[in-house]
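Please read the structure below before turning to the comments.
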Amino acid sequence: MVQKDENALIEGAKKGGEEEFEALVLMYQDICYNISYKYFLNHEDALDATQDAFIKVYKNIKKFRGDSSFKTWLFRIVMNSCKDISRKRKSRIQPESIFKEGEEGEFTLEIEDKALSPLDTVIKGEESGKLMKSLNKLHEDHKEILILRDINDLSYEEIGSILSLNEVTVKSRINRARLKLREVYFEEEGT
Amino acid sequence: MDCKTVKEQLSQLIDSEISETEALEIMKHLKTCSECKRVYDDLLTLRNSLINSRREDAPPYFMVNVKEALKKEKKRGLLLRFPVNGKGLSVVAALFIIGFMGIYYMQDLNIQHEPEAVNGNLRVFMEQEEQRKEIATDMDSEVVYYIDKLKEMVNKDLEVLKTKIEEDGTIVLEVSVDGVVTVYYGKDGELWKIE
Ligand SMILES: [Zn+2]
């Protein structure tokens, strides 16, 4: 049912129907905003990115051919908007990123991590803020894949389609990202 | 299975994106290796915590913002899009000149405006000019879309000779491909020609 409604809205929006477009915005604004917010951890950038994404949707919806689901197509646009804005911000302010190492390849698995104490079974309240900050400190490739997988619960296949990655890369990148997140989370604990 | 291989596949196990045989092998390792088991537990905790993290909804004024941005975008679209091709620039210039002259029939663009009396009031002129810009912008993006689509379709260099919008919104493109002039029609995202 929902699918049918959505398709009708997409078709309407393609013909320039503003009501249909607005209905699509209403359907997806919260989930898109959440993606952007988790990406930036601030409302100003999240708002800019989400808004930019919907403007791009409006301008390009005629080019959406339904090869992927609308959600996948939309999330790709949101992710790209986040990256664009992040790049613009970075060109103005020098990032104090501590993770300069390359994404794939050079990253070595920390076998010797005996210094790390086990995590509690649940991370709550204040701790969840720390977790979000840790996520935010990750390399862009790691951050975005965890936002899609662990915050939005998308399948490996959907993620591959959104980020244009093959299955093998999706698998290895998700794992590297989680290991890195664990490391950063504990580093935070130490400081 | 060694620790390195196991650690590389922990997420696949957590996400059930793994074959049964591999899963069994990893689980067997986890029973005997406290080190890997601890990493596994941590990754699972992180995953569960992220998925349960508070969702941040869009602010209530979000739709208003989008609408405002769209309005601006439509106006800006004209200024940004036209300079891309030299022909377009002259169309903008023509729009202004035609506007000043109070002629409402624009042969170039094949848009017919209702003939109206112009009282010489600048404000009225500005408003009309504004409306006309929006018409031109909407039309332009529409035409550009079908031209792009046509280029993709014929996969050859083509020269656009004439563009027109019919009353029902059908875009008519008269193009020359390898010196052969053909008329294409575009509507609702589809493009066709009449043989
Ligand atoms: Zn082990």
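FYI, side chains are in, hydrogens and waters are out, and symmetry mates aren't considered; it's all heavy atoms of this structure. This structure is a prediction, so every number in the text was calculated from the model and none was measured. Just so we're on the same page: letters track the sequence lines, and every chain starts at 1.
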*Say you draw a straight line from CZ of A:R149 to CD of B:E17; how long is it, rounded to the nearest 0.5 Å?*
6.5 Å
*Rounded to the nearest 0.5 Å, how far apart are CZ of A:F54 and CG of B:N65?*
12.5 Å
*For chain A, find which of B:I51, B:D148, B:V66, B:D15 contributes the most heavy-atom pairs closer than 4.5 angstrom.*
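It is B:D15.
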*Should the heavy atoms of other residues, nucleotides or ligands under 6.0 Å from CD of A:E167 be counted, would the total exceed 12?*
no
*asked:* Other residues, nucleotides and ligands only: do more than 12 of their heavy atoms fall within 6.0 Å of CD on A:E157?
replied: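 Result for CD/A:E157: open.
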*Sub-3.5 Å donor-acceptor pair from the side chain of A:D30 to the main-chain atoms of B:A58, do we have one?*
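Yes.
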*Is there a donor-acceptor pair closer than 3.5 Å between any side-chain N or O of A:N175 and the backbone N or O of B:S11?*
yes
At a 4.5 Å cut-off on heavy atoms, which part of [X] comes close to chain B: side chain, backbone, both, or neither?
X      : answer
A:L26  : both
A:Y156 : both
A:K14  : neither

Heavy-atom pair with the smallest gap, counting every atom of [X] and [Y]:
X      : Y     : answer
B:F62  : A:Q29 : CD2-OE1, 3.2 Å
A:K38  : B:R54 : NZ-O, 2.8 Å
A:L179 : B:V39 : CD2-CG1, 3.6 Å

Ion pair [X]/[Y], N-O distance below 4.0 Å:
X     : Y      : value
B:D42 : A:R178 : no
A:E18 : B:K67  : no
B:R47 : A:D153 : yes

*Any chance the side chains of A:Y33 and B:D57 put a donor and an acceptor closer than 3.5 Å?*
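No donor-acceptor contact under 3.5 Å links the two side chains.
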*Report whether B:V180 and B:L161 are members of the same hydrophobic cluster (ILVMFWY, side-chain heavy atoms less than 4.5 Å apart, transitive linking).*
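In one cluster: no.
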*Side-chain contact test, heavy atoms from C-beta onward, threshold under 4.5 Å: evaluate it for B:Y61 versus A:L47 and give yes or no.*
yes
*Pairwise side-chain contact, B:E56 with A:H43, heavy-atom cut-off 4.5 Å (strictly under)*: yes
_At under 4.5 Å between heavy atoms, what parts of residues 69-83 of chain A are in contact with chain B? List them by residue number._
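Listed by number, there are no contacting residues, so the answer is none.
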*Contacting region of B:I14 [heavy-atom separation from chain A under 4.5 Å]*: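 For B:I14, the contact with chain A is made by the side chain alone.
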